[in-house]
Amino acid sequence: MHERRKTRKIEVGNFSIGGKSPILVQSMAKTDTRDVKATVEQIKRLELAGCELVRVAVPDEEAASVLGEIRDRTNLPLVADIHFKLTLALKALDQGVDKIRINPGNIGGREKLALIAEKAKDKGVPMRVGVNAGSLEKGLLAYHGGPSPEALSESALVYTSYLEDIGFNDIVVSMKSSDVPTTVRAYEIFSNKAHYPLHIGITAAGTILPGSIRSSVGLGILLSEGLGDTVRVSLTSDPVDEVRVAYEILRTLGLRQRGPIIISCPTCGRCEIDVIRLAEKVQERLESMVEPLKVAVMGCMVNGPGEAREADVGIAGGKGEGVVFVHGTPGKKVKESSLLDALMDQIRKIREMSA
Ligand code: SF4
């Protein structure tokens, strides 16, 4: 792992992005923004899952006009996602959003970007320059022969330099492509030339399994290179899944500690308890846990005791029974049917002791 690259720190609501701030987990509401009730409910579910910043689409004036109400009824900093129309950006800023995302490839030129920056500066609102491979400027596409990493990073550099020139520096940058190597390279090129905080993600990554894998590979490479100040995992799924996957990636690299890490063996012909069902049940019961805890669910006595001992709490299975380890110490043998309750009982005691 490389040391995290130092970037400029910017404030968004009660959170900050960049500098030495924790890598922020964000997501995007998938409701029709004009449906305030549904959007507020989804944002509240995202907050419970650990989301720290939420973006909403602003497709028209009606959606822009309810942003203030959504913000008043929720706790997370609210980001307005703007494409094509200057008026939507200005209205979103008037509604009191905490951050604005602009796609420089489709906002309609520098003059319009300048007007948005001027208003954002007046209101102390940061802006994400969100470059996307699917909407790069025609000139850049022609020059680079397509949406290459060089084209993506150049687009971001052109617009961040322009914003700098007009005195706007509260910038976060993203350069997204659905192609993982292209995305990674674009961030590498940009970060060698500018110090703005990076919003990283793989766009249109897919449904939950392939999307999580593609996001994990892409974000894993970038984060291990020290790049990335806020992450968004894009999945064709419930947005809460995006938050879960983002934390799993960050926990795996030791970059955030929220919630338990559950280690479970793949099972094999030696296994004499139902590890798959047991691990799924443990995952389900610990879904809302916020404190960090390492939990092992292992099927037999080959690797089981070793892994269970290394965890805060763990199960090593035997023939229709198992042993629960707590901080490395094995307890009594427990029947398979009582193993889940025995494990949860120990987790409850650990939580009570550390409360
Ligand atoms: Fe197989 Fe035991 Fe390893 Fe699980 S811990 S995969 S049951 S050898």
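Note that the structure is predicted; figures quoted are calculated from it, not measured. Atoms within a ligand are numbered from 1 in the order they appear, just like the ligands themselves.
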Kindly say whether Val97 contributes a backbone atom to a donor-acceptor pair with the side chain of Lys123 at under 3.5 angstrom?
no
May I ask you to say whether Arg73 pairs ionically with Glu69, meaning some side-chain N is under 4.0 Å from a carboxylate O?
yes
Just verifying a value: how many Å separate Leu86 CG and Leu90 CG, rounded to the nearest 0.5 Å?
4.5 Å
Under 3.5 Å, side chain of Asp312 to main-chain N/O of Lys294, donor-acceptor pair present?
yes
Measure the distance from atom 3 (Fe) of ligand 1 to every protein heavy atom, then report the residue, atom name and distance (to 0.1 Å) of the closest one.
Asn303 ND2, 3.8 Å
What is the closest protein heavy atom to atom 2 (Fe) of ligand 1, and at what distance does it sit?
Cys300 SG, 2.3 Å
With a cut-off of under 6.0 Å to the ring centre and 45° to the axis, is Arg110 in cation-pi contact with Tyr162?
yes
Looking only at protein heavy atoms, which one is nearest to atom 4 (Fe) of ligand 1, and what is the separation?
Cys265 SG, 2.4 Å
Can an N, O or S atom be found in Cys268 less than 2.8 Å away from atom 1 (Fe) of ligand 1?
yes
Ligand-side contact atoms (ligand 1) for residue partner Arg270, heavy atom cut-off under 4.0 Å
8 (S)
Can you tell which part of Val275 has a heavy atom less than 4.0 Å from ligand 1: side chain, backbone, both or neither?
neither
Go through ligand 1 atom by atom and flag the ones less than 4.0 Å from a non-hydrogen atom of Cys271.
7 (S)
Do Arg8 and Tyr196 form a cation-pi contact, if we require the NZ or CZ to be under 6.0 Å from the six-membered ring centre and within 45 degrees of the ring's axis?
no
